[in-house]
J.: 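The structure under discussion is supplied below as structure tokens; questions concerning it will follow.
Order of appearance sets the numbers: ligands from 1, and atoms from 1 within every ligand.
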Amino acid sequence: MSAEYDSNPHPALAHLRENHRVYDWTEQNAWVITRHADVDWLLKHAPVGTSDRHWRDALTAGGTHDSAWDRLRRETITFKEGKEHLRLRKYVSGAFTHAAVERLSQKVRSLVEIALDHAEDRGEGFDLARDLSSRVPIRVLGILMGVTPEMEADFCRDAVRLQNAINPLSDESALHEADLGADGFLELIGELITRAKANPGDDLISALIHHDSGEGRLDRTAVIGLVTSIIMAGAESTGALVNHGVLTLLRHPDQLQKLQADPRLMRTALEEVGRFEFPTKFVTRYPLEDIEIGGQKISAGELVFGSPGAANRDPRVFDDPDRFDITRPLGPTLTFGAGAHFCLGASLARVEAREMIGQLIRRFPEIEQAGEPQLSPHFNIRLISSLPLRLGEGAPREHYQES
Ligand code: HEM
């Protein structure tokens with residue numbers, strides 16, 4: 001759970017994968033699995049359910065009381081199961097279509113462009129985490145939800161509070177401040193719902209409210225739960241992919257140059273970044289009946305952590321897995337999960353990462369690290385909170401706008 005571990009978790013994960021196929025993690029009262037075949041089976045085929053129990057226990061261990069955020073967290077799709085989960089997914093996938101993501105991609109492009117214009121005008125002191133990757137994903141979610149320019153500042157503040165509230169490793173003052181903001185957040189989402197009902201736009205909340213999948217419309221609590229799920233799941237994870245992606249490219253200059261020379265490699269490069277430096281630390285499941293993995297019995301109701309990052313470097317599936325190669329053919333990575341709970345925002349995350357990483361490295365061909373990254377402790381994200389960069393001379397506009 002520490003930032004030190006997050007900065008290089010691979011040796012520990014490789015040790016587990018080769019020596020402890022099912023590891024008994026007594027401190028967390030949980031099992032840990034790290035092999036690709038085992039994590040894939042857990043997500044796609046095992047008789048398991050999800051629950052926020054471990055999350056709640058971690059928050060309570062930090063002395064946090066049962067706040068309005070906790071109640072919201074329980075309503076999120078990640079912790080729903082069976083028919084109710086299927087029903088909610090039907091609504092989101094009906095609304096969060098390829099066309100909806102495409103519509104957003106132009107807006108993502110210009111948000112990134114504006115952020116980089118500011119950076120270029122300011123000259124010195126660019127921090128990737130502070131100035132780009134923590135800002136763009138939240139603003140994109142705002143656009144997705146139909147947030148107006150007047151509401152944007154409140155929405156971004158509340159989204160950050162929500163992120164802090166669900167991280168048991170946030171410091172006490174961030175948790176306390178987050179608690180104070182829960183009611184305001186609910187009011188803001190309520191206002192968005194009211195507006196979408198009266199005057200539907202092309203945003204996700206309008207689509208969720210007006211979509212009828214044949215089982216009637218979603219009620220207000222369900223819409224609030226989905227909006228919360230998306231904010232919880234969709235901002236810090238995308239920022240982490242971008243931060244680790246840029247850092248990894250800078251640490252592999254030959255790969256960076258290859259990508260700068262040929263932007264068509266972006267698709268495989270992004271998949272490779274997510275495989276090589278996973279943003280999300282674990283997926284969790286609770287067996288509904290006793291199961292067995294590699295001869296180890298796991299009883300119904302016990303907590304199982306699956307590590308997508310360890311699975312992504314399993315030599316049984318990926319050749320020479322510790323080599324970073326942006327031309328590696330697409331493989332069965334588990335970066336966005338798999339099975340019933342597969343990430344609903346994967347295509348949006350890819351668009352955002354493509355724009356942030358792509359524009360940055362094409363516009364600033366001499367980009368380099370200007371300081372060490374700072375990682376902050378987070379329950380489930382490898383969170384880089386600061387990554388100072390020296391951008392160097394900006395390329396002429398026609399050069400970076402061509403693709
Ligand atoms: C690089 C960025 C991202 C990564 C690495 C990521 C990763 C994941 C993973 C591993 C899961 C599966 C969790 C499980 O099985 O327990 C998941 C689920 C989910 N993700 Fe993402 N995600 C990212 C971005 C996004 C974005 C941008 C959105 C929305 C805009 C989003 C929305 C969701 C939702 C709603 C779920 C829950 C789906 C369900 O339970 O059915 N994610 N994500």
J.: Please collect all ring-ring contact (aromatic ring centres under 6.0 Å, His included) contacts where either partner lies in residues 228-267, sequence neighbours excluded, each pair once.
T.: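 Qualifying pairs: His252-Phe276, His252-Phe324.
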J.: Answer yes if the ring centres of Trp55 and Phe379 are under 6.0 angstrom apart, and no otherwise.
T.: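 Ring centroids of Trp55 and Phe379 are less than 6.0 Å from each other.
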J.: Tell me whether the count of non-hydrogen atoms from other residues, nucleotides or ligands lying under 6.0 Å of CZ in Arg350 goes above 12.
T.: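 Yes, CZ of Arg350 has more than 12 neighbouring heavy atoms, counting only those of other groups under 6.0 Å.
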J.: Test of understanding: with ring pair (Phe, Tyr, Trp, His ring centres under 6.0 Å), list the residues that count as partners of Tyr23, not counting sequence neighbours.
T.: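 Partners of Tyr23 by the ring pair (Phe, Tyr, Trp, His ring centres under 6.0 Å) criterion, ordered by chain and then number, come out as His20.
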J.: Show every ring-ring contact (aromatic ring centres under 6.0 Å, His included) that has at least one partner inside residues 112-151, sequence neighbours left out.
T.: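 Listed by first then second residue: nothing to list.
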J.: Check whether Phe79 forms a cation-pi arrangement with Arg74 (NZ or CZ under 6.0 Å from the six-membered ring centre, at most 45° off the ring normal).
T.: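 Relative to the ring axis of Phe79, which defines the angle, Arg74 lies outside at least one limit.
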J.: Please list, by chain and number, the protein residues whose heavy atoms come under 4.0 Å of ligand 1.
T.: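 Under the 4.0 Å cut-off, ligand 1 touches Ile77, Thr78, His85, Arg89, Phe96, Leu141, Ile230, Ala233, Gly234, Ser237, Thr238, Leu241, Pro279, Thr280, Val283, Arg285, Thr335, Phe336, Gly337, Ala340, His341, Cys343, Leu344, Gly345, Leu348, Ala349.
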